[in-house]
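Here the structure is laid out as C-alpha cells; the discussion comes afterwards.
Every chain is numbered from 1 and lettered A, B, ... according to where its sequence line falls, protein lines coming before strand lines. Side-chain atoms are counted along with the backbone in the values below, which use heavy atoms only and exclude waters and symmetry mates. As the structure is a computational prediction, the values presented were derived from the model and not from experiment.
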Amino acid sequence: MELLALFGDFTVRTVAIGAALVGAVAGVLGSFALLRQQSLLGDTLSHAALPGICLGFLIAGSRRLEPILAGALVSGALAALLVLLLTRTTRIKTDAALGVSLSLFFAFGTVLLTYLQRHAGAAQAGLDAFLFGQAAALVPRDLVVLAVVGGGSLLVVVLGWKELKVTTFDADFARSLGRPVVLIEFVLTVLIALAVVIGLQLVGVILMVALVIAPAAAARQWARRLEGMVVLAAVFGAASGVVGALVSASFRGLSTGPVIVLVASAFVVVSLLLAPERGVVWQLVHALAQRRSLRAHRVLVDLYRLAQDHADLDYASEQGMLDAYFGGPTGHVLRRLERRGLVSRAQHMPEEGTHWVLTGDGRQQARELLTPFGERDAAVGGGTP
Amino acid sequence: MTGLQGWLDQPGVTIVLIGALVGVAASLLGAFLVLRRESMLSDAISHSVLIGIVLAYLLTGALDSPLHVVGAALAGLLTVWLTDVLVRSRRVKSDAAIGLVFPALFAVAVLLINVYARDVHLDTDAVLLGEIGFAWLDVVRVGPLEVARSLLTMLVITLVNLAFVVFLYKELKLATFDAMLATALGFRPGLVGYALLALVSVTAVGAFDAVGAILFVAFVIVPPTAAYLVTDRLWRMLVLGCLVAVGSSVGGYALALAFDVSIGGAMASTTGVFLLVALIVGKHGIVARALRRRTPGPPPSILRERETGGAP
C-alpha cells in the first residue's frame, strides 16, 4: 500500500508514467527483435547511442530531451548500418560485427563525454545520468516527448502490422509476395532504435537492452500468436517500468534502471517456470500427470488380460501377481482406480492378501484402451511386454 | 637499472605499456572468440564480472584482494553457464539468452553498490570508463624497480594468456575450427572453451582499472576482426591482432593528449582506425572484394569440368 501511496507524489507519478510508456514500447518492438533473433542489436543500439547523446547535447547546448534523442537515434542508426555493412560486404560474422560496432561507438562516446566534461563547462553534469538512467531527471515536458515518439512508433507497428509480421516470420515469402523487405527491415530497425532511445534517460545505455529483450522473452512463453505476444510484452514491459520506478523511489539511493531491469528479469524467470505448455514447472506437472495416467492404463489392461486368459470376466487377480506383471508396486495405482470406480477389491478364499476385480466400467475402459491395437491383440491377450 | 627505472617513472610510458598489455592480453583471446562466433560473450562477461568484484569487496572489505580475480572468473563462468542453461532449455535463442543474463547480473551488482558500497571508491563510472591516466600513481616494488601496480597485474595476465595460447595452441585450434573432430580425437573442446572464457573474465578484471569494462570489449573484438580481414592463417591473425592492439595503445595515447580526452576511450577508438585500414587494404576487405568483382578471373576448375563434362 505504501507503494501505491507514492502515486500521490508528483515526481514519482511522472517517473512511473514515463517508465510505463518506455516499457510498453520496448516490449512491443522487442518482440520483433527477439523473433528475428536480433536481440543483441538492442545492445549495440543502446551503447552506440552514447556519442549521439553527447553530440545532441553539444549542438543544442542544453540538456533538452529532443536534440539528445535525435542524436541518439542517428548514432544508433549509423551503428546498425555499420553492422549491416560489415556483415554484407566482408566475411565478418554478425556477432563480431555487433561487437565491433558497439565497442567503437561506445569508445568514441566516452571520448566525446570526457571532451564535454573538460571543455564545455559544468553544464553537462546530467549527461552521466544516461549511463545508468536517472528517474529524477525526468520532467513532465519529457513525458510529452516520450508519448509522441512512443505512440508514433506503435502507430507505425499497427499500420504496417501485416508487413512486419510476414517479414519477421518468413522474409523469403514476403519477398515472393513483392513486399519491399529491405525497406520493412530498415523501418523495423529504426523502430527498435526509437524504442531503445526513449528509454535511455530512465534505464541508461548499459541496461536498456534488457528492457528490449526481457518482456518479449517472458511474453513468448505464454503466447502462441504474434498478436498475443506483442500485447503481453507491452503489459510486462509497462508493469516492469511502473513497479521498478516505484520500488526505486521508495528506497533511497537505488538507481532506477537496474531496478526496472531486475523486475523485468523476474517476469522472465516466472514465465520460464510457470507458463502453460512451455513453462518448466508446467511441463513437470504435465509429465507427472501423464506418467500417472499411463500407469493406471497399464494396470487396467493387465487386469483385463489376466481375466481374458482365465476366461473369467470376474477373475480376481492377486495384488502380488499384478506387481510382478507390472514390474513394480501397483497398490497406489489400484487404490486410485478403485476411487474412480474402475476396479473393486475381492476376497479369494484359500489365499491371503488383497485381490482385485475389474468393474463393468473398468472392463469397458480397458477395451477402449486396447481397441487401437486391434481386436486380435485384445482377443489373444497375453502379458505386457 | 636506473635507466629502466627512469623510463618507467614517466607516466606516459607506463600508461602506454598498460594499454598495450591490455590490448595484447585481450586480442590473443579475442581471436578465438571471434572465430568461434562468441564475440558478444566478451561483452556479457565484461559487464557481469562487476558482480564478482562487488561480492569479493563485500566479503573482504578490500578493493584489491586476490579474491577479486577469483570472484570475477566465477562471475564470468556463471554468465556463460546461465546462458548455456537457458539455450539448452530451448525456450530462448542464444542471442536472447546472452541479453537476458548479463543485464540481470550487472543490475544486481549496481544495486549492491548502491546499497552497501556507497562511500567506497567503486563507482560505476570508473568501472565503465577506467582511469588509466592515474594508473602510474599506484606503484609497488619489484626487486630494485618501482612498477605501477596495474602494469604488473597486466603483465602477469598477459603472460598467462600467452602461455595458454602457446601451450594449448593445437587444442584451441581444433576446438575452434572443428569441435566434432576434437571430441572424436579425445580432446575436450567444451573444457577448452570454458578455460578460454575464464581467462577472458580474469583479463576483464585486470582491464577494469585501465580501460574500463566496455572499452575492454573493443580490445577483445576489434583487433582480431581487423586481422581476420587481412590473413587466413591463425597464427598470423594472432600476431597481427597484437600489433594492432599495441599500435592502438600508442596512437590512442597521442590522440588523448592532443585533444585532452579519455585515454582509454581514445585507445579503443584507435582500434577502429586499424579496422578501417584493414577494410581498405585487407585481402578480405571491401576494396579487395570490389576489385575481385570487377575483374572476374577464370571460373573455378570444378565449374569448368562440370560444364564440359556433360551429364554424369
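- Chosen from B/Val220, B/Val101, B/Leu41, B/Ile286, the residue pairing most often with chain A at heavy-atom distances under 4.5 Å is B/Ile286.
- Heavy atoms of B/Phe216 lying under 4.5 Å from chain A are absent altogether.
- Neither the backbone nor the side chain of A/Leu112 comes within less than 4.5 Å of any heavy atom of chain B.
- Per-residue heavy-atom pair counts under 4.5 Å with chain A were compared for B/Val217, B/Thr270, B/Leu111, and the maximum is reached by B/Leu111.
- Only the side chain of A/Leu34 comes within contact range of chain B, with at least one heavy atom under 4.5 Å from a heavy atom of that chain.
- With a 4.5 Å cut-off on non-hydrogen atoms, B/Leu275 touches chain A through its side chain but not through its backbone.
- Of the listed residues (A/Leu41, A/Thr44, A/Leu104), the one with the most heavy-atom contacts under 4.5 Å to chain B is A/Leu104.
- Of the atoms belonging to B/Arg91, heavy atoms from both backbone and side chain fall under 4.5 Å from chain A.
- For a residue to count as touching a neighbouring chain, one of its non-hydrogen atoms must lie under 4.5 Å from one of that chain's; by this rule A/Val100 touches chain B with backbone and side chain alike.
- Residue B/Leu86 touches chain A through its side chain alone, counting heavy-atom pairs closer than 4.5 Å.
- Neither the backbone nor the side chain of A/Ile260 comes within contact range of chain B; no heavy atoms are under 4.5 Å apart.
- Only the side chain of A/Gln221 comes within less than 4.5 Å of a heavy atom of chain B; its backbone N, CA, C and O stay farther away.
- Of the listed residues (A/Ala33, A/Ala96, A/Ser265), the greatest number of heavy-atom pairs within a distance under 4.5 Å of chain B belongs to A/Ala96.
- With a 4.5 Å cut-off on non-hydrogen atoms, B/Asp43 touches chain A through its side chain but not through its backbone.
- The greatest number of non-hydrogen atom pairs below 4.5 Å with chain B, out of A/Thr94, A/Leu102, A/Leu85, A/Leu86, is found for A/Leu102.
- Only the side chain of A/Val261 comes within contact range of chain B, with at least one heavy atom under 4.5 Å from a heavy atom of that chain.
- With a 4.5 Å cut-off on non-hydrogen atoms, A/Thr89 touches chain B through its backbone and its side chain both.
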